[in-house]
Undergrad: 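I am attaching a structure below and will ask some questions about it afterwards.
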Amino acid sequence: MNQVYLNGEFLPAEQAKISPMDRGFLFGDGVYEVIPSYNGKMVGFEPHINRLNNGLKELKIQLSTQLQDWRTLCEKLLSLNSSGNLGIYIQVSRGADTKRSHAYPQGISPTVFAFTFEIPAAPVADINNARTAKVITTTDRRWQRCHIKSTSLLGNVMHYQQGVEHSANETLLFDQSDYLTEASSSNVFIVKNRHIVTPPLSTALLPGITRQLILDILRMHSEYRVSEAQISKTDVLNADEVWLTSSSKELMPVIQVDDTLINSGIPGEIWQQAQALYSKHKFDY
Ligand code: PDD
């Protein structure tokens, strides 16, 4: 049985109970992280915890858990659950109140919940055996604080579902000026004339850990020109390659955007090189 963590205790999933008055349930008032691990080794542990702390700060949720405490917690959770490829989901909500009131209540303790779930094997950098994606495009209709990894994900969920209803794996989101922000559950990179580009960080997108690791790894270990710059819808449709990135996908080649095939529907060579570099260096972070 899946062992989970709830407020200081490790216990079987079906015994973990929280109050229906929890503000995570009533308001989506909380933040979360998903940390990938392979045979017990986590990828990007510190940057994930730093992003969690940034979110808690923005929401003014006070939690004394330190980096080392998080590490101990995650390692224990991994050891209690089957080894292999596991994502660690961590959620911190503001906690349970006695009434429903919008204002942040004083004197309640945050609810800290964590569990593991199986993730696919890490992708192999092989054009002929790549997991690929078809995506659709739409206007980003989420809120203006997308840099916070909030559990209030309805905007993302609705955009993701739009993709599902068009038999696509993801939905690329464009702002009012038709510039790319990200996708409903991933960041996005394009390649044009061997130049690798991803949108710059802002409140319009999540500062993805995979995104940052890819930028760092490519800048340190490749000769490619890598930029953070605005990308229009035309740029995406005319790109030589398009990639989705996230903790579970790593780098996933997009082979179709709406009705347009990218690179004739085949994963690109630069994707293969970038994924190979990512596979080699991801545990350095
Ligand atoms: N999704 N953008 C959004 C909106 C996301 O939800 C995610 C991750 C990313 C990629 O971030 P990272 O590289 O840190 O995983 C970008 C997670 C995995 C999820 O909600 O399940």
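Residue numbers run from 1 in the order of the sequence given. Ligands are counted one by one from 1 in listed order, and the atoms in each one are counted from 1 as well.
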Undergrad: Can you tell whether the side chains of E33 and K149 come within less than 4.0 Å, N to carboxylate O?
TA: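 No, E33 and K149 are not salt-bridged.
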Undergrad: Among all protein heavy atoms in this structure, tell me which lies nearest to atom 11 (O) of ligand 1, with the distance rounded to 0.1 Å.
TA: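 For atom 11 (O) of ligand 1, the nearest protein heavy atom is G208 CA, 3.5 Å.
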Undergrad: Can the positive tip of K76 be found less than 6.0 Å from the middle of the six-membered ring of Y5, inside 45° of the ring normal?
TA: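 Here K76 fails the 6.0 Å and 45° test against Y5.
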Undergrad: Contact between ligand 1 and S184 is defined here as a heavy atom of the residue under 4.0 Å from a ligand atom; is it met?
TA: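 For ligand 1, residue contact (heavy atoms, under 4.0 Å) with S184 is present.
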Undergrad: Answer yes or no: does an N/O atom from R142 fall short of 3.5 Å to an N/O atom of ligand 1?
TA: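 Such a contact does not occur with ligand 1.
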Undergrad: Among side-chain atoms of Y224 and Q273, is any donor-acceptor pair under 3.5 angstrom?
TA: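 A pair is found: one side chain offers a donor N or O, the other an acceptor, under 3.5 Å apart.
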Undergrad: Among all protein heavy atoms, pick the one closest to atom 15 (O) of ligand 1 and tell me residue, atom and distance.
TA: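 Checked against all protein heavy atoms, atom 15 (O) of ligand 1 sits closest to S247 OG, 2.7 Å.
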Undergrad: What protein heavy atom sits nearest atom 21 (O) of ligand 1, and how far away is it?
TA: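 The answer is V34 CG2, 3.9 Å.
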Undergrad: Does any part of the side chain of S93, heavy atoms only, come nearer than 4.5 Å to the side chain of R23, both counted from C-beta?
TA: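 When only atoms from C-beta onward are counted, S93 and R23 do not touch, as no gap falls below 4.5 Å.
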Undergrad: Do K280 and E250 meet the salt-bridge criterion of a basic N to acidic O distance under 4.0 Å?
TA: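 Looking at E250 and K280, the cut-off is not met.
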Undergrad: Looking only at heavy atoms, is any part of S248 under 4.0 Å from ligand 1, and if so is it the side chain, the backbone, or both, or is it neither?
TA: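 For S248, no heavy atom sits under 4.0 Å from ligand 1.
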Undergrad: Answer yes or no: does atom OH of Y285 have more than 12 heavy-atom neighbours from other residues, nucleotides or ligands under 6.0 Å?
TA: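 For Y285, atom OH is crowded (more than 12 foreign heavy atoms under 6.0 Å).
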Undergrad: For the 3.5 Å polar cut-off, considering only N or O atoms, please tell me whether E182 and ligand 1 meet it.
TA: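 By distance alone, the answer is yes.
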Undergrad: Looking at H221, I want to see if its NE2 is surrounded by more than 12 non-hydrogen atoms of other residues, nucleotides or ligands under 6.0 Å.
TA: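 Atom NE2 in H221 is packed in, count exceeds 12.
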Undergrad: Please give the remaining members of the hydrophobic cluster of M252, linking ILVMFWY side chains under 4.5 Å, ordered by chain and number.
TA: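 When side chains under 4.5 Å apart are linked, the cluster holding M252 also contains V135, L172, F174, L180, V188, I190, V197, I231, V236, L237, V242, L244, V254, V257, I262.
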Undergrad: Partners of T234 by side chain to side chain contact (heavy atoms under 4.5 Å, CB included), sequence neighbours excluded?
TA: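 With sequence neighbours excluded, T234 shows a side chain to side chain contact (heavy atoms under 4.5 Å, CB included) to S232, N238, given in chain and number order.
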Undergrad: Quick one: does R51 get within less than 4.0 Å of ligand 1, heavy atoms only?
TA: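 Right, R51 reaches ligand 1.
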Undergrad: Which is closest to atom 19 (C) of ligand 1 in terms of heavy atoms, Y89, Y32, Y160, F117?
TA: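 The residue whose heavy atom sits nearest atom 19 (C) of ligand 1 is Y32.
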Undergrad: Does K149 have a non-hydrogen atom less than 4.0 Å from ligand 1?
TA: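 For ligand 1, residue contact (heavy atoms, under 4.0 Å) with K149 is present.
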Undergrad: Checking contacts here: is it the side chain or the backbone of N156 that comes within 4.0 Å of ligand 1, counting heavy atoms only? Could be both or neither.
TA: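 For N156, the contact with ligand 1 is made by the side chain alone.
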Undergrad: Where on T210 is there a heavy atom closer than 4.0 Å to ligand 1, on the side chain, on the backbone, on both, or on neither?
TA: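 It is both parts that get close, each with some atom under 4.0 Å.
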Undergrad: Suppose we measure from atom 10 (C) of ligand 1 to each protein heavy atom; which comes out shortest, and what is that distance?
TA: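 The answer is N187 OD1, 3.6 Å.
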Undergrad: When you compare the side chain of S227 with that of H195, does any pair of heavy atoms fall below 4.5 Å?
TA: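 Yes, side chains in contact.
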Undergrad: So for ligand 1, is A183 a polar contact partner (N or O within less than 3.5 Å, distance only)?
TA: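 Such a contact does not occur with ligand 1.
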Undergrad: Tell me: protein heavy atom nearest atom 6 (O) of ligand 1, and distance?
TA: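 Looking at atom 6 (O) of ligand 1, the protein heavy atom closest to it is S185 CA, 3.5 Å.
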